[in-house]
Amino acid sequence: MPTPLKAATTLAAILLLILTTAAPAQAANPSTKPPVSGSLGTYNVSGVYVTGVSSGGYVATQLHVAYSSRIRGAAVFAAGPYYCSQNTVAQALYGCGDNLYPTNVAALQTYTRTWASYGWVDPVGNLSGDPVYVFHGTNDTTVKKSVTDDLVRYYQHFGASVQYDSGAAAGHSWVTPYGTLGCTATASPYLNDCGTDPQNALLRKLLGGVSAPNTGALGGTLIRFSQNTFAVNGWANGLSMDANGFAYVPSSCAAGQSCRLLVALHGCAQSSGAVGTAFVDRANLNQYADTNNLIVLYPQAGTALSNPNGCWDWWGYLGATNFPIKGGAQVETIMNMVRRLDG
């Protein structure tokens with residue numbers, strides 16, 4: 001029987017599935033801002049939303065379900081339903097990546113309702129009507145489509161308004177016009193160009209409408225801040241999180257205008273420790289942030305013995321069973337950042 005460390009390492013390796021199936025694209029180069037060291041401020045935030053890819057997609061759903069009174073919608077790429085792993089490495093491997101095991105979506109819905117009755121997550125009624133955007137690529141063999149289908153079913157069960165984009169030929173990746181890989185690839189830095197703009201679709205779904213992105217020089221500030229300040233234990237590395245995170249703040253938001261906040265969670269092997277600011281720069285969110293009064297928070301996971309590929313904790317690798325609910329170490333650390341930003 002494998003040890004927990006070996007099992008976690010195997011899980012991370014399988015989830016990465018580094019198989020390049022397309023040549024690198026000739027990437028468009030976005031306007032970028034070099035990070036400026038600073039601290040998170042408090043802004044005039046009118047609403048909070050969350051998005052993520054792969055392990056970041058799983059934790060985006062954890063944040064949304066746990067704090068649905070505060071987080072108004074979610075956009076999830078290449079991931080499955082809330083609490084899919086059920087705190088079991090084998091289930092995470094064979095039920096939530098591959099689909100050799102069933103995802104037990106009805107049981108996950110029951111867990112959610114029960115935990116809401118305990119106050120461990122917010123009332124499930126908050127999910128009714130919430131906008132949810134879900135993306136799955138037809139060449140994603142890391143997380144099977146049937147798993148993502150169950151994410152859609154999970155949300156629809158609670159009355160969320162779901163838009164499902166499952167027609168693109170993408171591999172296991174965040175799809176962006178600034179992707180450095182071809183559409184079908186599954187390889188670092190997991191930023192694929194499919195000739196489409198899913199960020200327009202997800203922001204239109206979450207926000208109810210979206211202005212065209214800024215294709216010129218960015219006008220905001222990219223802040224590099226200490227995640228230790230927000231870590232529940234005062235030490236981000238002890239939570240398999242990097243010492244620093246990032247936040248893009250448009251000049252309009254810094255000037256006091258009403259803005260919305262989007263929490264954007266990278267996937268495995270996609271943190272700043274692995275790919276620098278590639279996800280922050282190329283996710284195509286800062287461009288929309290400038291023209292839509294949108295602050296973008298980019299928390300950063302880190303590596304650990306139990307998490308060698310820098311995934312977010314969606315299967316319990318930190319050793320606690322409360323990872324998907326209020327009180328979960330990474331959930332609360334990210335929410336501490338949200339609380340600072342929106343006051």
Side-chain angles (χ1 to χ4, degrees), residues 3-16 50-67 71 74 76-93 95-97 103 108 111-112 115 120-121 142-143 147 151 190 227-228 230-245 263-274 279 297-338:
T3 65
L5 174 56
K6 288 181 178 178
T9 302
T10 300
L11 172 62
I14 290 177
L15 289 177
L16 284 173
V50 64
T51 187
V53 56
S54 189
S55 69
Y58 275 109
V59 172
T61 304
Q62 290 175 190
L63 286 163
H64 185 204
V65 172
Y67 283 100
I71 295 177
V76 179
F77 284 61
Y82 174 76
Y83 195 50
C84 184
S85 72
Q86 297 180 66
N87 197 39
T88 304
V89 171
Q91 176 65 24
L93 278 168
C96 307
T103 56
L108 305 180
Y111 279 122
T112 307
W115 292 348
W120 295 354
V121 301
T142 306
V143 174
V147 176
L151 169 64
Y190 308 97
Q227 294 194 138
N228 295 327
F230 306 97
V232 293
N233 63 349
W235 181 43
N237 289 164
L239 305 178
S240 197
M241 294 180 67
D242 194 80
N244 296 307
V263 180
L265 300 170
H266 62 75
C268 299
Q270 207 179 36
S271 69
S272 57
F279 181 75
L297 172 67
Y298 297 97
Q300 298 293 302
T303 58
L305 287 176
S306 61
N307 180 35
N309 288 305
C311 303
W312 292 101
D313 189 10
W314 63 275
W315 71 88
Y317 66 69
L318 288 177
T321 59
N322 67 345
F323 65 91
I325 63 175
K326 294 180 180 181
Q330 290 184 357
V331 165
E332 287 303 317
T333 296
I334 295 169
M335 286 304 299
N336 284 341
M337 300 173 194
V338 170

Self-check item: Side chain S306, main chain A304, donor-acceptor under 3.5 Å
Solution: no

Quiz item: Is S85 reaching over with its side chain to a backbone N or O of W314, donor-acceptor style, under 3.5 angstrom?
Solution: yes

Quiz item: Just by modelled atom types, is the G302 backbone N or O under 3.5 Å from a matching donor or acceptor in the N307 side chain?
Solution: yes

Practice problem: Determine the minimum heavy-atom distance between T103 and Q86, stating which atoms define it. | Solution: O-NE2, 3.9 Å

Quiz item: If you take all heavy atoms of I71 and H64, which pair is closest and at what distance?
Solution: O-CD2, 3.4 Å

Quiz item: At what distance, to the nearest 0.5 angstrom, does CG of N228 lie from CG of N237?
Solution: 6.5 Å

Practice problem: For G97 and V147, work out which heavy atoms get closest and say how close. | Solution: O-CG2, 3.9 Å

Quiz item: Any donor-acceptor pair under 3.5 Å linking the side chain of Y298 with the backbone of G245?
Solution: no

Practice problem: Please determine which of Y82, Y67, Y111 meets the side chain to side chain contact (heavy atoms under 4.5 Å, CB included) test together with V121. | Solution: Y82

Exercise. Kindly compute the distance separating OG1 (T333) from CG (D313), expressed to the nearest 0.5 Å.
Key: 11.0 Å

Exercise. Report the residues that fulfil side-chain contact (heavy atoms from CB on, under 4.5 Å) with A60, sequence neighbours left out, ordered by chain and then residue number.
Key: V50, L265

Quiz item: Under the side-chain contact (heavy atoms from CB on, under 4.5 Å) test, which residues partner D242, sequence neighbours left out?
Solution: Q227, N244, S272, Q300

Self-check item: Closest approach of Y58 to C84 (non-hydrogen atoms, all atoms of both residues)
Solution: CE2-CB, 3.7 Å

Self-check item: Approximate separation, where rounding is to 0.5 Å, of H266 NE2 and T51 OG1
Solution: 13.0 Å

Practice problem: For the pair Q91 and Y83, evaluate side-chain hydrogen bond (donor to acceptor under 3.5 Å, both in side chains) and give the outcome as yes or no after the intermediate values. | Solution: CA-CA 10 Å; Q91 176 65 24; Y83 195 50; over 6 Å; no

Quiz prompt | Exercise: identify the closest heavy-atom pair between A231 and A236 | solution = CB-N, 3.8 Å

Quiz item: Are any side-chain N or O atoms of N309 and backbone N or O atoms of C311, one a donor and one an acceptor, separated by less than 3.5 Å?
Solution: no

Quiz item: Should the ring pair W120 and W115 be called parallel, tilted or perpendicular, given that the plane angle runs from 0 to 90° and is split at 30 and 60?
Solution: tilted

Quiz item: Any side-chain heavy atom of W312 within less than 4.5 Å of one from M241?
Solution: yes

Quiz prompt | F323 CZ to N87 CG distance, which is reported to the nearest 0.5 Å | solution = 5.0 Å

Exercise. Check step by step if side-chain contact (heavy atoms from CB on, under 4.5 Å) holds for S240 and Y317.
Key: CA-CA 9 Å; S240 197; Y317 66 69; 3.6 Å; yes

Quiz item: Under 4.5 Å between any side-chain heavy atoms of P324 and V65, yes or no?
Solution: no

Quiz prompt | Backbone of G56 reached by a side-chain donor or acceptor of S54 within 3.5 Å | solution = no

Quiz item: Run the side-chain contact (heavy atoms from CB on, under 4.5 Å) check on C96 and W315 step by step: do they pass?
Solution: CA-CA 10 Å; C96 307; W315 71 88; over 6 Å; no

Quiz item: Nearest heavy-atom pair of V76 and T61: which atoms, and what distance?
Solution: CG2-OG1, 3.6 Å

Quiz item: Is the backbone N or O of L239 less than 3.5 Å from a side-chain atom of Q330, with the two atoms forming a donor-acceptor pair by type?
Solution: yes

